[in-house]
4 protein chains.
Amino acid sequence: MLKERRLEQVFQSGIEVFSQKGFHKASISDIVRRAGIARATFYLYFKNKRHLLSRLLGYLLQELDQRIKSIELGEGQPPPLEQLRANLTRIITFGLEEPQLIQMLFRHDVGLDEDLDQELHRFYERVTDRIEWALRLGIEMGLVRACHTKVIAYSVLGGIKEVMKQIASKQISALDVQATVESLLEFGLRGVLVGSVER
Amino acid sequence: MLKERRLEQVFQSGIEVFSQKGFHKASISDIVRRAGIARATFYLYFKNKRHLLSRLLGYLLQELDQRIKSIELGEGQPPPLEQLRANLTRIITFGLEEPQLIQMLFRHDVGLDEDLDQELHRFYERVTDRIEWALRLGIEMGLVRACHTKVIAYSVLGGIKEVMKQIASKQISALDVQATVESLLEFGLRGVLVGSVER
Amino acid sequence: MLKERRLEQVFQSGIEVFSQKGFHKASISDIVRRAGIARATFYLYFKNKRHLLSRLLGYLLQELDQRIKSIELGEGQPPPLEQLRANLTRIITFGLEEPQLIQMLFRHDVGLDEDLDQELHRFYERVTDRIEWALRLGIEMGLVRACHTKVIAYSVLGGIKEVMKQIASKQISALDVQATVESLLEFGLRGVLVGSVER
Amino acid sequence: MLKERRLEQVFQSGIEVFSQKGFHKASISDIVRRAGIARATFYLYFKNKRHLLSRLLGYLLQELDQRIKSIELGEGQPPPLEQLRANLTRIITFGLEEPQLIQMLFRHDVGLDEDLDQELHRFYERVTDRIEWALRLGIEMGLVRACHTKVIAYSVLGGIKEVMKQIASKQISALDVQATVESLLEFGLRGVLVGSVER
DNA sequence: CATGAATGAGGGTTCATTCAT
DNA sequence: TATGAATGAACCCTCATTCAT
């Protein structure tokens with residue numbers, strides 16, 4: 001399975017180079033040099049430079065997607081709050097495990113390719129939709145205060161993104177995943193003010 | 001004042017092109033064509049392409065900075081909450097007034113230039129520092145719950161950034177600035193759960 | 001008029017390189033080196049390599065077209081035979097004057113580009129159509145023997161092309177244009193056998 | 001005879017690809033894909049791409065050579081005219097039977113390789129030499145009018161080449177070989193004018 | 001000051017050919 | 001023998017920047 005080995009090398013090199021230099025400044029030379037292969041070999045595995053980035057981002061989004069599970073209600077399910085906590089924990093943990101992938105993601109928010117832009121856009125919309133849906137559910141159940149769900153959803157998304165970014169760039173020493181998750185949860189649920197009653 | 005007129009045109013063109021295409025895909029041709037000047041003329045006003053972006057981002061950061069005033073305590077000052085609300089209102093309003101500048105900002109978060117990166121980084125640190133400082137002050141005053149101030153600060157920053165991004169790209173119909181501001185405030189102060197006591 | 005000078009230089013270099021190496025083996029480097037300009041300068045004048053060849057062949061076909069005048073009947077016109085002779089003379093003379101253009105033409109008979117192929121095809125069809133038309137006219141007038149006009153037309157065309165090719169490559173020492181023209185005329189009109197009666 | 005089968009397949013594929021795309025645009029991939037063999041296998045049979053074309057053209061020239069027999073005089077031989085007619089018939093027939101080979105030939109008149117050019121050049125010279133020789137013989141025998149034999153020889157060659165080209169590309173519906181041959185013969189022998197006496 | 005013309009460095013991609021199995 | 005994988009040389013083209021007027 002030499003071939004798979006090669007592919008893995010190119011993937012890894014791509015992640016490193018794209019996360020450090022960004023798509024435009026990353027040259028095929030950079031990537032193949034790091035992967036230890038010849039220039040033309042690259043094109044055996046990928047149609048072109050964009051194709052590699054597309055594959056990498058696709059993989060990343062998939063991994064993230066898998067870590068975000070919809071809140072399920074009903075008998076035998078953990079309480080919603082627990083499910084929320086689990087989601088956050090998985091995401092933050094992933095950010096710690098794969099900081100380069102996360103950096104790569106945040107360097108290519110927009111503007112590379114019609115298709116890629118779309119894919120990213122859809123991913124983020126999927127996430128905000130889930131958040132909004134959860135908020136609406138909470139409102140119906142009387143747990144969540146009536147609010148402008150769209151604004152709050154984007155706000156939540158943005159908060160998580162920024163924290164992930166800082167974690168990925170080691171600005172937050174988030175070795176203590178648990179504390180970070182709890183901070184985020186507390187903030188999102190009760191805000192910063194004191195005096196919120198305990199549930 | 002012909003010269004200033006020229007400069008203004010180039011600035012405007014730069015904003016438009018950079019916000020639409022991003023730095024790398026934006027070509028000098030694009031900019032000068034839109035500004036109605038000759039290629040070489042561009043270099044009379046700017047050392048190079050990055051210089052223009054640098055100037056534009058510098059201007060933007062300055063504008064943002066001006067709109068974020070430190071919370072001042074003491075007699076004769078409006079209550080802190082009011083000052084917070086005023087800050088948010090100014091920022092959101094600015095995002096509505098200058099969506100292209102905001103989009104330009106978010107397309108160049110990182111990776112263009114050592115110096116530019118630094119400048120942006122410093123700006124965001126200044127903002128988070130202020131947020132952290134305010135949080136700590138609130139904690140001391142017994143208004144704010146003890147928390148991981150760094151995580152919360154980034155979370156707040158991220159939330160505002162994301163909302164600004166959506167406003168700038170018209171995803172949020174934030175014609176009603178006030179409602180958006182209140183939503184953000186409520187969320188940040190009390191979170192989403194019901195049952196928070198009124199102060 | 002420096003610009004025109006430049007253009008002329010590129011044209012000339014293109015003719016030389018294309019006629020010697022053919023389109024595919026000719027590199028932009030070859031052309032610009034010979035023209036004494038920088039690589040990028042080439043692209044100020046031509047969209048790409050094919051564009052240059054296209055322009056050159058277009059020019060050539062136009063020149064050839066101008067030298068082939070339709071046989072005009074009627075009072076005050078030179079006799080048809082004379083017009084025929086004049087056409088041939090102009091073409092052969094042109095081949096002597098511009099051997100490289102002719103060689104360039106014959107190196108790119110087909111297969112470069114859908115559009116270019118079409119253009120060449122149309123040119124040759126125009127020529128054969130004229131020949132056929134002249135033959136049919138001659139038959140109607142009782143001057144020309146009934147024959148398979150299409151086959152004869154292609155045969156005539158081919159004969160002239162081959163002679164031009166040899167002239168352009170100096171295989172035929174056609175310094176004596178007149179003799180060559182007469183030979184071709186005689187051959188086409190009366191064939192090789194003796195005993196053809198004089199008209 | 002598996003090997004011969006392989007070789008035959010490659011030959012056939014080469015003919016098809018070279019005749020359709022020409023040497024430069026034909027890729028080894030095209031050829032091996034069509035032949036149903038692996039890339040490297042190609043190089044077991046041929047030194048390189050040019051080698052294949054060389055072999056194919058060599059074969060073609062040989063076939064053509066075989067079909068052009070020198071005019072033999074003397075007792076027991078068919079009359080010269082008959083021999084001429086037979087030559088033409090064989091050539092034209094061959095063009096109908098193997099149009100792709102003919103197209104391949106005409107796409108590579110010149111400019112591929114020093115050696116190949118030479119070979120083609122020698123072939124055509126051999127043909128024109130034969131034609132010239134026949135013309136001179138005819139002149140000596142009083143059958144052929146004195147003329148510039150070289151020009152006429154090229155003219156004859158060119159006529160036949162062009163007609164072959166059109167036949168190979170189906171532009172002339174030469175299903176009726178006999179008529180085409182007679183047309184060519186008549187034209188070459190007596191030209192287009194009426195009034196040539198019968199021999 | 002303003003400009004159109006000119007440039008060279010550099011990038012992505014292709015493809016004939018060879019290697020290792 | 002047969003092959004898929006690997007290679008490096010070469011090429012076209014773009015573009016930010018400078019020159020000469």
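Here is how names work: the chains are called A, B, and so on, in the same order as the sequence lines, proteins then strands, and each is numbered from 1.
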*Asks:* Of the options F:dT14, F:dT17, F:dG8, whose atoms approach the side-chain atoms of C:Y43 most closely?
*Replies:*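 Taking heavy atoms from C-beta onward, the closest nucleotide is F:dT14.
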*Asks:* Is it the case that B:S19 and B:R107 place a side-chain donor and acceptor less than 3.5 Å from each other?
*Replies:* no
*Asks:* Please report the distance, rounded to the nearest Å, between CG in D:N48 and C1' in E:dA16.
*Replies:* 9 Å
*Asks:* Mind checking the CG-CE spacing from A:L53 to A:M104? Nearest 0.5 Å is all I need.
*Replies:*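 If I round to the nearest 0.5 Å, the distance is 6.0 Å.
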*Asks:* Measure the distance from CG on B:L7 to C1' on E:dC1 and round it to the nearest whole Å.
*Replies:*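 About 13 Å, once rounded to whole Å.
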*Asks:* Round to a whole Å and report the spacing from CG of B:L52 to P of F:dA16.
*Replies:* 12 Å
*Asks:* Write down the distance between CZ (B:R33) and P (E:dG4), rounded to a whole number of angstrom.
*Replies:* 13 Å
*Asks:* Please pick, from E:dG8, E:dT13, F:dA5, the nucleotide with the shortest atom-to-atom distance to any side-chain atom of A:R39.
*Replies:*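 From the listed options, E:dT13 comes nearest.
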*Asks:* Would you mind telling me which residue lines up with the more 5' stretch of DNA chain E, A:H24 or D:I28, judged by nearest nucleotide?
*Replies:* A:H24
*Asks:* Could you walk me through whether D:F11 and D:Y45 pass ring pair (Phe, Tyr, Trp, His ring centres under 6.0 Å), step by step?
*Replies:* CA-CA 10 Å; D:F11 274 138; D:Y45 295 97; 9.3 Å; no
*Asks:* Roughly, in whole Å, what's the span from NE2 in C:H51 to P in F:dC13?
*Replies:*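 Whole-Å distance recorded here is 12 Å.
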*Asks:* Can you tell me how far P of F:dC12 sits from CG of C:L44, to the nearest Å?
*Replies:* 17 Å
*Asks:* Whole Å only: how far is the NZ atom of C:K47 from the P atom of F:dT14?
*Replies:* 10 Å
*Asks:* Does the side chain of A:R6 get closer than 4.0 angstrom to OP1 or OP2 of F:dA6 through an N or O atom?
*Replies:*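 Yes, within the criterion.
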*Asks:* To the side chain of D:T41, which of E:dA16, F:dA2, E:dT3 is closest?
*Replies:*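 That would be F:dA2.
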*Asks:* Using Watson-Crick or G-U wobble geometry with both distances below 3.5 Å, tell me the partner of E:dT21, or none.
*Replies:*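 Result: F:dA2.
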*Asks:* Please tell me which of A:A40 and B:K49 maps to the more 5' nucleotide of DNA chain F, matching each residue to the nucleotide holding its nearest heavy atom.
*Replies:*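 Closest to the 5' end, via its nearest nucleotide, is A:A40.
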*Asks:* I'd like to know if the side chain of C:T41 pairs up with that of C:R6 as donor and acceptor (distance under 3.5 Å, no hydrogens or angles considered).
*Replies:*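 No.
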*Asks:* What's B:S27 touching, base or sugar-phosphate or nothing? Going by heavy atoms closer than 4.0 Å.
*Replies:* sugar-phosphate
*Asks:* Would you kindly give the NZ-to-P distance between A:K25 and F:dC15, to the nearest whole Å?
*Replies:* 17 Å
*Asks:* Could you pick out which residue, D:I37 or C:F23, lies toward the 5' side of DNA chain F when each is mapped onto its nearest nucleotide?
*Replies:*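 Closer to the 5' end of DNA chain F: D:I37.
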*Asks:* So if I apply the side-chain hydrogen bond (donor to acceptor under 3.5 Å, both in side chains) rule between D:R122 and each of D:Q118, D:E119, D:E125, which one comes out positive?
*Replies:*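 That would be D:Q118; it is the only one of D:Q118, D:E119, D:E125 passing the side-chain hydrogen bond (donor to acceptor under 3.5 Å, both in side chains) with D:R122.
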